Amino acid sequence: MKGWMIERMNLATLNLNGETFFSINRRPRLPESIFNIKSIKEKLSNLTQEGLNNVLAKADLDIDILAVQEFVNSKKERDEIERVIENAEYKLMVPELNGNIHFVTGFIVRKKYIDKCTVENGPLEKELANNRKAFLKFEDDNINFSIFNVHVNNHTITIPDESTILLGDMNACKSNQISNQKGIHEEFIKAIEHKYDAVGQEEKYYTWTSNGIEKQLDHIYLSKKYSTNNSNKISVDDNVNFYYKPQEGFTDHSMLIWNFGELQEK
């Protein structure tokens with residue numbers, strides 16, 4: 001077996017609910033006193049800024065790479081949020097985008113790792129829109145691994161096995177990953193698990209809730225080409241989720257965090 005060791009790294013994934021910015025624009029033209037779009041967008045942007053600043057500053061989380069989905073791409077709001085990220089000594093890295101994109105998928109990378117990372121659209125060029133996927137390559141001397149971050153809305157696709165780590169918002173779960181035991185696009189998850197091992201399945205946890213039903217829509221997987229001596233335990237941060245923590249939350253998903261370091265290539 002070939003193997004390599006990187007210093008301890010904390011990898012996380014979080015959907016930022018950026019589609020909300022776009023959906024607000026689709027509301028009927030109501031009087032400003034009833035529905036002030038500008039005011040609501042400002043409040044949402046401020047929530048995201050404050051929330052991300054707290055997440056990136058927390059020593060107990062100590063996140064190195066945060067994979068994000070639904071990062072708002074409206075210029076004003078994106079610029080404001082990016083400034084917060086940069087002030088926290090991180091950088092937003094997204095693939096090349098085409099067209100009028102309302103929200104994007106990408107990575108928030110700790111400053112010391114920026115030069116070691118490149119981000120591109122990656123596979124599934126025709127199957128997923130380019131704002132729903134991002135492929136990060138990490139290269140440092142003899143250390144090479146990749147992370148494929150996806151925000152899935154098409155469950156007929158076949159996920160390729162070329163990334164070391166697969167993660168993101170799959171919008172799918174098996175029957176044992178939802179509180180009513182009624183799986184959502186369960187065959188899609190099972191197909192992924194033919195190529196990847198699910199990380200952190202020792203304990204049950206949920207990342208999204210609606211109408212009293214809790215679901216694990218967000219997932220982290222390690223390629224079956226690799227094994228790790230590290231713990232497969234996932235940390236779940238519900239503080240970011242306004243359904244679980246109304247006073248602290250700033251998005252409708254909980255965040256998953258995985259601490260990894262040594263990987264052995266089989």
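Note that this is a predicted model, so its numbers are computed, not measured. Quick note: numbers below take in every heavy atom, side chains included, and nothing from hydrogens, waters or symmetry partners. We number each residue from 1, following the sequence as shown.
Other residues sharing a hydrophobic cluster with Ile184 under the 4.5 Å side-chain heavy-atom criterion for ILVMFWY residues are Ile178, Ile213.
Checked by atom type, the side-chain pair Ser163/Tyr196 shows a donor-acceptor distance below 3.5 Å. Side-chain contact of Glu214 with Tyr244: a donor-acceptor pair under 3.5 Å is present, judged by distance alone.
Outside the 6.0 Å centre-distance limit, the rings of Phe107 and Phe71 are not counted as a close aromatic pair. A distance of 6.0 Å or more separates the ring centres of Phe242 and Phe250.
Salt bridge Lys137/Glu120: present, at least one basic N to carboxylate O contact under 4.0 Å. Lys245 has no carboxylate O lying under 4.0 Å from a charged side-chain N of Asp238, or vice versa, which leaves the two without a salt bridge. Taking the charged nitrogens against the carboxylate oxygens, Lys174 and Glu193 do have a contact shorter than 4.0 Å, which makes a salt bridge.
Placement of Met9 and Phe135 in two distinct hydrophobic clusters is found when ILVMFWY residues are connected by side-chain heavy-atom separations under 4.5 Å, directly or transitively. When hydrophobic clusters are built by joining Ile, Leu, Val, Met, Phe, Trp and Tyr residues whose side-chain heavy atoms come closer than 4.5 Å, directly or via intermediates, Phe103 is not grouped with Val152.
Once rounded to the nearest 0.5 Å, the distance linking CH2 of Trp258 with CD1 of Ile65 reads 11.5 Å.
With sequence neighbours left out, Lys91 forms a salt bridge (Lys or Arg N to Asp or Glu O under 4.0 Å) with no residue at all.
A 4.5 Å side-chain heavy-atom check between Lys133 and Asn149 finds every atom pair outside the cut-off.
A side-chain contact (heavy atoms from CB on, under 4.5 Å) with Asp79 holds for exactly one of Arg83, Lys76, Glu77; it is Arg83.
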